[in-house]
Structure formats: structure tokens, C-alpha cells
Amino acid sequence: MAVLQTKELTKQFGELTAVEEVDFQIERGEIVGIIGPNGAGKTTFVNLLTGVLNATVGDIIFGGEPLKNAPVHDRANRGLVRSFQIPQVCDDLTLLENVRSAILSREQRNSSLFSLLLWEDESRSEAIELLNEFGLGERQNLSAEAIPHGDKKILDVCMSVAMEPELLILDEPTSGVATENKHEIMKRLRNYFETTDSAVLFIEHDMELVAEYADRVFAMDQGRKLIDGPPEEVLEDETVKRRIRGEE
Amino acid sequence: MVVDKINEAGGILGEREISLDEYDENTEEVAQLYRRLATQDDYDIIIGFVSSANALTVGPIAEELQQPTIIWDTGTTELFDDAVTDPQYLFRTCASSSTDAVGAALVLENALTDIETVAGVNQDYAYGRNNWNLFSQAVEAFDIDVDIVEARFPPFGNEDFSSTVSALNDSNPDFIFSSLWGGDLVNFMTQANDRGLFDDTLPCFSGGTHIFRDAPDQVPDGLLFGARGPHVPYGGFGWNSLHDNFVSSFESRYGESPYAHGAFHAWQGIYAYVNAIENAFNASGVYPDNDALVKSLEGLGFDTPSGFLNIPEGSHNAIEPSFWGLSDSSGENLALTDSIWIAKEQVNPPVEQTTEEWLGNI
Amino acid sequence: MVIELITQQIPLVLNALFLASVLFLLGTGLSIIYGMLNFLNLAHAAFLVLGAYVASTVVTQIVGVFGDTLGTSGLFIILVLGLLIIVPFIIAMVGLTMEQTIFKPIYGLEDDYQLLATFGVILMMEDGMKFIWGGQPVTASAPSELLGSISLLGGSTYPLWPIFGTVLTMVIGIVLYYFFEETRLGKITLAMAEDDEIVGVTGINTRLVHLQVYVIGITLAALGGALFIPNASMTSGLALQFVILAFAVLVIGGLGSLKGAIAASLLIGFTRSFGSYYIPQLELAIVFILMAAVMLIKPTGLFGDIKA
Amino acid sequence: MSQDTKTELRGVIRQRVTTLPGLATAAFVMLALSFPYLPSTGQFEVFLVAQIFAFAIAAVAFNVLLGYTGLLSFGHAAFFGGAAYAVGFVLRYTAISELFILLPIGIVTAAALAVVIGYISVRYTEVYYSLLMLALSFLIYVLMVKLYTITGGTDGLPISAPTVGGVDYVALWGYSGFLQGILYYVIAISFLISIGLMWIFMNSPFGLTLKTIRDNPERARAIGIPVIKYRWYATIVSGVFTGVGGVMYAVLNSHITPDTVLHWSRSGEFAFMAVLGGVGSFVGPIAGAGAFIMIRSQAQQLTEYWHFVMGAALFLIIVLEPAGIAGIAKRSYRKATESIRGDD
């Protein structure tokens, strides 16, 4: 049964139709890359899934139940988690606290008043473990403000991963990251997701990364689904080449 | 000024200089200020307090700390009716608001027999409410045949009286009882004059004589004024010599006439202390301690610029006659003419009864 | 009987319009400065009170200097000129010096800290005024007396000054409306409300525009004070009342919108004038009930578009 | 917990307590409890320190909102005054005069007010939250002034000295004995308990959730935190402890009026204490409360224009030293430790 499924999902801003009747689905453990030219509606589509925007028509079924207009935090708690293109982290908190906050939220322990974080251990060790996995371990006590943009991006992804999502949506996970460790991030992500069976959906412009890491590619143009299939097939498709990869 | 005069004459009993420190009751938190004066600085006597909230706060603390204290200007009847029912160290050297409110009712009954409809305009805070309640109770108690058509309570520190004045214009009462004072009185008068409220309505301001100084040009002739007792520099008759030289020394020192009743109340407060010390000393031959001072204050009586003032036996609250007059700018100074005196006993509750009880069974 | 009922309402309507005018001047100034310059100045209302104080001094000086040498109409014109030109000019100068020294460092702060810093400023201004003009209430009734009053249908008399003030504010309102819709500076200010970096990039000296808008806001508040004082007295303690009223106009009208400020001032003016006549006990609370109600129904305010 | 984490845990405790902050707290508690018996302290000093404690509880509670959740409330007087007035009404209209009944009543009132006012205000961000809190608390102020017959209007309500644990100490030892012997300790202990509880809350998941909301509300939503709900919880927690401060102040001051406990300038004073003390640190507002009361009583004695002094001080702190006293202390503490560590 699909982790997530959309039926004729449409979003209109006045007369402009940003997303038009998109049917899409993603299976457990599948990694799907979304490609498309700027303005194709990729981000709007993701915003519809994560609840930042509400659909004009059509519905989204997640884990078997329709989402209707469930708020962002509700979807996150149900396992539909996103990370941000521009990293959204808590600047005044340390890296450890950032990740730990996500873990505690996942375990619905936000309102526990009496377990002193100084002595409470589970979330602490889990957070350290996760940070190590993403190469941020030794800087765990630095405040998020003090680390470079690239690392903030990784921290952002780290926080989303900490939610143990059913479906993780990444908005250009490697943008702003130095080219040599773009692959490094994608490798870490893939290793992590091999251990869990959660699905991953990521928007990407770098076709090389899409080809290497995506099980399936979903191409969009002018708000509509162009083609949805394995990377080799989609990347070689004529219109994809012309419209998206810019090769004449 | 009064203390300087006493010290010039050698101080109390001709040998003790009074050292006077002044504090503003409204800047610091009054409970904190009072405790500091009573305990840390340990003054012989604390005299003062205008705001009724402060007086009600300080009263119980004075009793607790056994600190002789004189309230010289606060009018609230709640002080001895409710806050401090069995005072030992707390005294008040001015009469309560019953002098003004009950006095006004008596003026209505005896001097203004043609009044049919009455309205009230009092600031919406304790002093205003206290005055209005007493006035309406007195009207009932003396069953004066007037009907109260309107009672308005504009907020204290109100910037816009236009709607209040319009309402009064519409209900068009013959007589208005008002305890307005300060900026609100000036504000109300300016807007009332503009809208011709006083053309066919006689207002009675129970504590409004200070406006003769603040905005004399806003005071038309023929309005009824009280001064919380006989505390006016000009107008009225039969003033003693204390009154005349108090007014003249006040004018020479401050360059304006003591139109506000507070000046007279201050004189009374300080001299009550001085007289009490002197009486106790003459009686016992030794400088009185707190308890001797308190005993001497009870039942004290002495002459003041506003006539003979006395604290009746068994009470800690001085009583004063009620005094009213019509504003008159014909003379060299704004004064009150056709003044009426009403005896102390008629406008103050007997010693053992609260004001409410007294009015209840007249 | 019905006629009498109607005529009774006339003074209330006039009161409401006058109060609305003062609130419009106060609220528009605050709305422009906050909406366009994103500077939240709790002390803005203190400029209205300052305007009233300065107006009282100006009026007493003029009456002192000219006395009745010019006859009533001549004196009245001088007084009005004094109130409409000298007073706003002085307040604008005071406002500018404060802008350079006190407000500039807090532009960069977050809204919370701007609010707190200007809370400190209003305390300073209140005591400053008490220091200069003393604690006693201050009046400046000469202009209103000279203008006199008229007798309305129902026989009650009504001073002309509030009517003069209302008409004047309408004129100012139209001028403002024209300024923002038509003139170049107006359009730049509206653009700056959206995003002042972009405006800056196009070479327009945003700092100069910033100052001009600030001065307009302060002058409007000063005018509000100057129009208010002839008909009432002013004490520095009233600054608080005006702070809350100013924000009520901002909240109800909606951020940075002129139409909103007009609508909100009228709404508050009428509810306050009729409210305090018919339900006097609620005198103070009316404004808050209105504010809370509008916020619950339409958080951006009647005409605002920027979501709170 | 496995054995090794236990030892590590014990290490953490020992490490935590013996560090400078741990020692400082222990010393502070010792001083607080022995203060009345120190030679130089007279009755007024005890009164002043007790008042500082009452304000400190409210200032720290205020900082739970500003420092930890990023919400500036201009209406905290509503909780402070609400609790005080609840005590005043109970004392005036019922026979209850036992402190250990009055305190819970005050807390419940403050909590109820926080629930209602919080619910309306939290839906708005930043400025509108502050303004709504200001407006709603002014509404309560106006009600207390208006309902003259019940509330005594601007005259306020007397707060007679309550019995403590059923014993009327005033009758036994007289007022100063009651104040220095019992009331001071009641206030000091409730201060220590409140600060302790708030410290635990702020250092547990709830606190971390608030800080996450403060730093990045959008991120907080993305990791599943219902931001509006937790802002509401934060307002309630803050309101409850402010109520404790309110009850203590009322009993200590023995009289309350709308202007002393409900007026918006009182809300401004809490903000002042928190900023003066240092919004970033938990204990900052305590120092802020102490410093504020000292400055204010000096300023009030020196000049009638003490509002000006206060306003200027608040302005300068925000512009020059936003971290407040705690900021200065932290910097000097870091410099001190650096100079020690520097040479080894």
C-alpha cells in the first residue's frame, strides 16, 4: 500500500494554476527525485503535501487516511516530514539541542516538565549518534549560528531524519553545499534510509545526483506531471531533455 | 511655611526646633515609604496624605507599628468607618467628606427650596463615589423633595467631557452636586461653559475653590462653591486674626492666595501636633512620649484660621462646620458671597456611629 | 418627541466627529511610521500630548503679545496660524532631534525590543513635560472662546471649535490621500512599506524618504494635540490614554492603510461618544471591547492586508 | 539505566553542583534563609528583601515568556494583580484567612486569567500579542476600578495578615515578629520553590520546546510542535508563577489598589526587571528585580522625576547592553576563567 498518494491534486492562486491534477504515489522504501524547470510547480507541490498550502481541489492520502487540511505539525507527527531549501535551524540552540528537540517532539514528550535534560539520557545519546552519522558529531555543543551554511543544511536534514519519518521530503538537499561533498550527503542519506524503510522524495536540479540516487524520477512542467518512471527512461525522454535539461 | 514660622518663634515650647522632611506620597509605593519612615528613620510624627487609597493603606500600618500619624486632607469616610475602626495612633485633623456631601444636602433643603431636579457629576473613583453616595443618602435621610434625575461618573483623569455635558444638558437638572477637582474640574468647567450648561442649572462644587487659582477666567459668577469646610481666603465674614495673617503670609511667600483647601488643612495638621505636645507638657511637666502625645491629641481643641477645631472625645476624627458661598468676581479677589455656615454637629456623624448608621436613622 | 430625540443626537455626532478627527491624526501618523518604516513607536502618542502643551504656551504667548490690538477675528487668525504652523514646526524639530539621537539606534531592533525601548522613551517624555509645564492641568481656551458657539436646533449651544477642527482634519485627510496616491514621494513610501531594500537598490535615498515620512507622522500627531487643547485641558498623565487609543486605531484600521485609519477613528469616535452617553459605566472599556472584537473577526484589521 | 550511565550520571551531578553556579546557588539559599538574623538587618530591610523576592518570582515568570518563548507580554499585571485581588476578595467576603488556602486560590485565579487571556492573545505574533495582552489587562484594571461597591474602586482592598498553618502569629508575636519570623520565610521559601520549579521546567523538554519556538517557529511546526498551543501553555505557566508573586506581594504590602498591582506600568516594570537582569539567562531577572527595586527607591528619594530615570535606564540597557546584568556577569565570568585557564 502506498505511503502517500495524491488524486488530481490542484492548486490555484487566482487564475494561475500552479499545480494541475497531479496523480502521484510513493511506496515504502522508495527514493523519488522530482525534477522540472523553475516555476514547474515543484515547490508548490511539496508545500501542498506538507500542509504549508491547502489544495484547491483533489486530496492527499497519507498512511491510508486523507490529509484534508491537517496543519503542518499534525502531518509531521504522523510521519510526513520535510526539510527546507534554505536551512531552518534554531540559531541560539546547540546542534545537539536542535536534534534533541526533534527527537523529543517525535516521542510526544514536549510537555514533560520534570525530566531534566541535563540527566535524561536516551534522547541525548540518540542525538549524538545521529550527529556523528552526518559528520557533525564533534561540533555538537556549538550553537547552530556558529556553523557554515553547508553544515546548517546538513543539520536541517539531520533534524528531519531524527523524526523517523514515514516519508521524508527534501527540498534541494545539496543546494548551497560544496560540490565535492554533495555526494557525501546523498551517500549518508542513502545509507541511513537503507536501514529504515521510509520513503524519500527530493527536489533536485543536478541530474547526475538524480540519476545516481533516485529509484524513480517524477518530472513536472507548468504544474502538470510530464513523466514518471525509472531514471534512465525519464532522463532520456525528449521533452525532459528539451524542457528540463536544456539540451537542444 | 508654617513650620518655619514656628521655628522662627523658637520652635515647640520655645526650645525644640522642628526638623521637617518632605516626601511625595505618590512617587514611591506608599506602604514601603511609610514603613521606612516609621521604622528605619523613626520619626516622632508622620503628617500628611491626600489620596484616600494611600490613607487607607497607611492607616492599618500605623496601628501595627504604633506610629503616631496625622491624616490632614483625605476625606474618605471609610478611614474610621471601615479601615481602622478602633484607632489608637491614627488621627485625622480635617473632617470627612460627610461635611461636604451632607452639607450640600442641607443647603439644598434650607436655602434652595425651589430646586426640583438634581443631578450628580463625580469622578469615577473612590472619592467621587463616596461623596455621591453620602449626598444621595443625605437627600433621602432628610427627605428633601427633589428627584435625582442623573448620576454621571466620568473617569478620573478624563480628557473629554463633551458627552457628559451633553447628557446633562439634555436632562437639564436645576442643581448639580459635584466633588470634581483638579484637571477634571477645569476640563468640565471649560466644556460646560462652552455648551451653556450653567445657564439654567446651578452647579455645587464641594471642593472646587482651587479653580479660582487654576483657571479664574473659567469661573462665572453665581456658582455654588464649598471648600471642604471654611477654608477660603476671601468672602464670608467673622474671620479671626489667625486667618488674616495666614492668608497674608501665604500670599507674601507664594505670590498667590491659598484658594486650595489643602493649605488650611496643612496648617491644622501641624498645629494639632504642636498644641498636643504643649498641652501634654504643661500637664505633665515632661516632654510627652508617643502614648502621652496620643492621649493629648484625643479631645484636643484649638483655634485655627478657619475657626475653632476640635477632635470630639472618644473619636480620632476632627469635625468642621460646612461652609458655602456663591462665586463673585466683583471684588479685587475672587471670593464667595452670601455664604452660609452649617454647624459641625449637623454635618458630622456622632462619635459612636459610622456615617452610614447616622444617615440611616435620622 | 421624535424631533427632540434627533436633535439630541446632533451634539453627540459632533463630539464623535471631533474625537474621530483627533484620533485620525494620531492614528494615521502611527500607522504610517509603523506600516511604512516598520518602526513601532509606543511614544508616538506623547507627541500629541507635547503638541497640546506647546500649543497652550503658543496661545498664551500670542494672546499676551497681541492682546486685543487686532480685534477678535485678527487675533483668531493669528492663533490658528500659530496652532497649525508654529506648533507642528516645533514638534517636528523636537521629533527630528529625537529621531537622530534616540530612535535611530533602535530601528534595527526586533519589534519586541522596539516596543520596550519606546516604553522607556514615553516615560522620559511624560516626566520631561511634567518638568517643563508642571503637574497642573494646562488649558488654551482662547481660540475656542474667540470662535464662540452656535445654538443647535434643540436649543443647546455647541462650540464652533470642534466643528472647525473636524473640517480641518477632513481637508488634511484629503491632502494626505492625494499625497499617497498621486505624488512621487507618496508612491515611494508605499513601495517602501512592501520592501525597502528593493527601493534602496533603485537609487532612491531611502534615508531621506524615511525622514520625510517620519516628520509627516509626527506633525500629524502634533496637529491632533493642537486641535484638541482649545476645547479641553491636558495633563501629562493623559499620554497613556492616547497611547492605547492610537494603537486601537492601528489595530482596528489595519496596518499602514489610510482608509483603515479613517474608518477606525470614526468607529472609535462614535462608539466612544455615544457609548459614554448611553452606557456611561463602560466608558473606558468600550475601546478594548471594540479592539478585541475586530481582532477576533478580522486579524489584519478592517483594511489592512499585512497579517498580524 | 545501565551501570556505566549511572556512574556517568553521578559524575554529571557532582560536576554540576560543584561548579561555580552550583556553589553560588547554595550560598544564595544560605544567605536568603539567614538574612533576618544578620546583625545589620532591621525590619525595613527584611520587608524590602521580601518584596524583592515577590517581584523576582514574577520577573522570572515573565522571562519564561520573553526570554524562553520570545513573547513580550505587556499584560502581566493582570496575573499579578488578579491573584492579589483574589486573595483580597476572599479575605474581605469570606471567613478564610489561612495563607495556605489563599495561595492556591490566588494561583488558580492567575491560571484562569492566563488561560482566557492567553487563548485570545497567542493566536497573534509579536506586536499584536503584546498589544492584546496590554488591552485585556487594562480591561481588568478598568473592571476593578469600576465595580466600586465590590472592589473598593481606586481605594483598593485591605489585606489583613493571614494565619499561617492555622496560627495567628500577629496576635502571638506582634506584626514585626510575624514579618521577620514567619512571613519572610514563607515568601523566601515560595520564592525558592517557584524558581526551582521554573528552572526544572525550563531545563526539561518543555523548556527546549519553548526555546525551539522562540528561535524558529516554522522549524518548530516542521518537527511537529503545535506552536500556538505551546505559546498558550507558556503563558499559563508564566501566569501561574506571576500569580504566586502577586499573592506574596499582596500579603506583604497589606493593601492593594488597581494602580499598584493592575496598572500597565506594573507590566512595564516586569519587562524592565527581565531586560535589566538579562533576558538570555534564567537567573538574570532575579538580579534585575533586586537592582530595579534598589534603583527605584533611590531614584524616588532623589527626584520627583524618577519615571525619567527609569525610562532612560530601560532605553540605555536595550540599546547598549541587551544582555543586561547577566550579560555583563557572563562576560566577566568568562574573562576570569579565561585568565585562569590562559596560563596553564
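In the text below, chain A, chain B and the rest are named by the order of the sequence lines, each starting its count at 1.
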Quick check for you: to the nearest 0.5 Å, what is the distance between [X] atom [atom1] and [Y] atom [atom2]?
{"X": "A/Leu113", "Y": "D/Phe206", "atom1": "CG", "atom2": "CZ", "answer": "6.0 Å"}
{"X": "D/Ile225", "Y": "A/Gln108", "atom1": "CD1", "atom2": "CD", "answer": "10.0 Å"}
{"X": "A/His73", "Y": "D/Ile228", "atom1": "NE2", "atom2": "CD1", "answer": "7.5 Å"}
{"X": "A/Arg100", "Y": "D/Leu208", "atom1": "CZ", "atom2": "CG", "answer": "7.5 Å"}

Heavy-atom distances under 4.5 Å only: say whether D/Leu197 touches chain A with side chain, backbone, both or neither.
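Interface part for D/Leu197: side chain.
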Does either side chain, that of A/Ser83 or that of D/Arg219, offer a donor lying less than 3.5 Å from an acceptor on the other one?
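Checked: A/Ser83/D/Arg219 side chains show no N/O donor-acceptor pair below 3.5 Å.
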[options]: which one forms the most heavy-atom pairs within less than 4.5 Å of chain D?
{"options": "A/Thr50, A/Asn98, A/Asn110", "value": "A/Asn110"}
{"options": "A/Asp92, A/Val89, A/Asp74, A/Leu104", "value": "A/Asp92"}
{"options": "A/Val72, A/Leu93, A/Asp91, A/Val81", "value": "A/Leu93"}
{"options": "A/Ser125, A/Ser112, A/Ala102", "value": "A/Ser112"}

Going by side-chain contact (heavy atoms from CB on, under 4.5 Å), name the residues that satisfy it together with A/Phe62, two or more places apart in sequence or in a different chain.
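Only A/Val3, A/Leu4, A/Leu67, A/Arg78, A/Leu80, A/Glu166, A/Leu167 meet the side-chain contact (heavy atoms from CB on, under 4.5 Å) criterion with A/Phe62.
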Side chain, backbone, both or neither of A/Asp156 within contact of chain D (heavy atoms, under 4.5 Å)
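Contact with chain D is through both the backbone and side chain of A/Asp156.
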Heavy-atom proximity to chain D below 4.5 Å, by part of A/Met159:
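Both backbone and side chain.
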Is A/Lys187 atom NZ crowded by more than 12 heavy atoms from other residues, nucleotides or ligands, each under 6.0 Å away?
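Correct, the count exceeds 12.
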Hey, does the side chain of A/Ser101 reach the backbone of D/Thr212 with a donor-acceptor pair shorter than 3.5 angstrom?
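Not at all, since once roles are kept as given, no pair shorter than 3.5 Å links the two residues.
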Taking D/Gly224's backbone N and O only, do any of them form a donor-acceptor pair with A/Asn77's side chain (distance below 3.5 Å, no angle check)?
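Here the side-chain-to-backbone pair exists.
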Distance-only check: which donor-acceptor pairs under 3.5 Å involve side-chain atoms of residues 129-143 of chain A, not counting sequence neighbours?
residue, atom, partner, partner atom, Å
A/Asn132, ND2, A/Ile128, O, 3.2
A/Arg139, NH1, A/Asp151, OD2, 2.6
A/Arg139, NH2, A/Asp151, OD2, 2.9

